[in-house]
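Here is the naming used below: chain letters follow the sequence lines, and residue numbers restart at 1 for every chain. None of the values given here were measured: they were computed from a predicted structure.
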There are 2 protein chains.
Amino acid sequence: MARRASDTDDVLEERNEGRAAVLDAAARAFMHDGYAGTSIDDVAEQLGGTKGRVYHYYRSKADLFFDVHSESMRQNFEGAGAIAHEGGSPIDRLERMVRAHALLMMTHLPYQRVSVLGVEMHLAGNTTSKQRATLRDAIARRDEYERLFVQVVEDGIAAGEIRPLDAALVVKGLLGALNWITIWYRPRETDTGESRMRIAEEMTTYLISGLRRRG
Amino acid sequence: MARRASDTDDVLEERNEGRAAVLDAAARAFMHDGYAGTSIDDVAEQLGGTKGRVYHYYRSKADLFFDVHSESMRQNFEGAGAIAHEGGSPIDRLERMVRAHALLMMTHLPYQRVSVLGVEMHLAGNTTSKQRATLRDAIARRDEYERLFVQVVEDGIAAGEIRPLDAALVVKGLLGALNWITIWYRPRETDTGESRMRIAEEMTTYLISGLRRRG
DNA sequence: GTCTATACTAGGATAGAC
DNA sequence: GTCTATCCTAGTATAGAC
């Protein structure tokens, strides 16, 4: 994951892996207890180490939190966002975006659940101005991602494939239904990806069929 | 709100109002910063008083949290749950339940948002056995509420009004889309209920039309 | 690069005045 | 019934050994 093509720069390579391991532990810890409910000791325990390791890679808990969000949005743009600019009719693109987003919620559950639970809250005032800037940036990227969906829906309406409706509101409903997966979905040990595909497929069918003109 | 018909029992009356005021302040505070992110001082500030007032009515922060959940589920059963047992065809009942639930999310935003953000998390271990029992009860009531929706969908499928699909999964999507309203909806000062009705109506149309057999 | 030890503060909860 | 004063634990962050 996130391994660079070049394996020559070993120092940087290992630095990235250590950092990625901390980030992964943080995502899982935040997923369980939320931002405020998670202590750095919890993150360290998830990691199988101590506080010292965490603080070696991240200056503060807030920085860790931001990086989880950042990674989650990267996954979204790469996984579903890219489809917005691919070929195909608007409703076909939308259908693929919805399916991809549904799968992302399950395959990257820790990151996505933390992201879904919101960036705005959790940080009551005790932030530096630099952190507030990062926060604004995270919100902006999330809004931008949502706008990709709205645009495709509007294209679908213009093309006559989707019946006329409030595109912004429908996308709120659509992404709400999908983001909600992170709240109830619990992966099984025996989970091979088959069950995830079934959930994504069923959910996509439901959410898209309500948009089509006629039936 | 929650005023009893009889005004003779003034002592109990006032005791309830004081308690209700604390609960209301807690719901608003939790809505902003989540459970762990909210201090008792924050609740007191919302209330326009001090800690002492809060602890006079509630023994602990966890008890306050549970009561917010309890009140939110009471609102749901009263507002949308009751419709499940009313007359009309399954899909008509479902439509009314969905509309009612959407409106509940907006009219009781503080309580509903706290409820939506989850009971399970936020309480990492530091709970008494009595509190754990209350927690299990809260989860059970939420599941029971969800099952009302599933039952009506299954009735609709049996009646041939709704096309055959995974009722449990569709309800997850449906309630997810509706619960998500608490995440993005921000009431305006000029909000007369007109705009809330429009949102509820538009969302209901979208979520129901994907279920109907044919178009 | 990872650990232990420690400083420092925020916040839950209680006691007791008014 | 509401306040102020205080106790005490939990948790962020840092220093410095290994």
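A sub-4.0 Å separation between OP1 or OP2 of D:dC3 and a side-chain N or O of B:T50 is present. Phosphate contact (OP1/OP2 of D:dT2, side-chain N/O of B:Y57, threshold under 4.0 Å): present.
Nucleic acid contact for A:S39: sugar-phosphate only, since backbone atoms but no base atoms lie under 4.0 Å from a heavy atom of the residue. At the heavy-atom level, A:G52 lies under 4.0 Å from base atoms of the strands shown.
Among C:dC3, D:dT12, D:dT4, the nucleotide with an atom closest to any side-chain atom of A:D41 is D:dT12.
Atom CD of B:E45 is separated from atom P of D:dT2 by 18 Å (rounded to the nearest Å). Rounded to a whole Å, the CG atom of A:D33 is 10 Å from the P atom of D:dG11. Summarising the geometry, the separation between NZ on B:K61 and P on D:dT9 is reported as 18 Å, rounded to the nearest angstrom. Rounding to whole angstrom units, NZ of residue B:K51 and C1' of D:dG1 are separated by 18 Å. We find that CG of A:L64 is positioned 11 Å from P of D:dT12, with the value rounded to whole Å. Straight-line distance from the NE2 atom of B:H56 to the C1' atom of C:dC18: 14 Å, rounded to whole Å. Here the C1' atom of nucleotide C:dT4 and the OH atom of A:Y55 are 15 Å apart, to the nearest Å. Put simply, CZ on A:R53 is 18 Å from C1' on D:dA17, counting in whole angstrom units.
Ring geometry for A:F30 versus A:F65: interplanar angle over 60°, hence perpendicular rather than tilted (30 to 60°).
Ion pair A:R93/A:E86 not flagged as a salt bridge, since none of the NZ, NE, NH1 or NH2 atoms sits closer than 4.0 Å to an Asp/Glu carboxylate oxygen.
The aromatic ring centroids of A:Y145 and A:H101 lie less than 6.0 Å from each other.
A:N179 pairs with exactly one of A:M105, A:R113, A:Q112 by the side-chain contact (heavy atoms from CB on, under 4.5 Å) rule, that one being A:M105.
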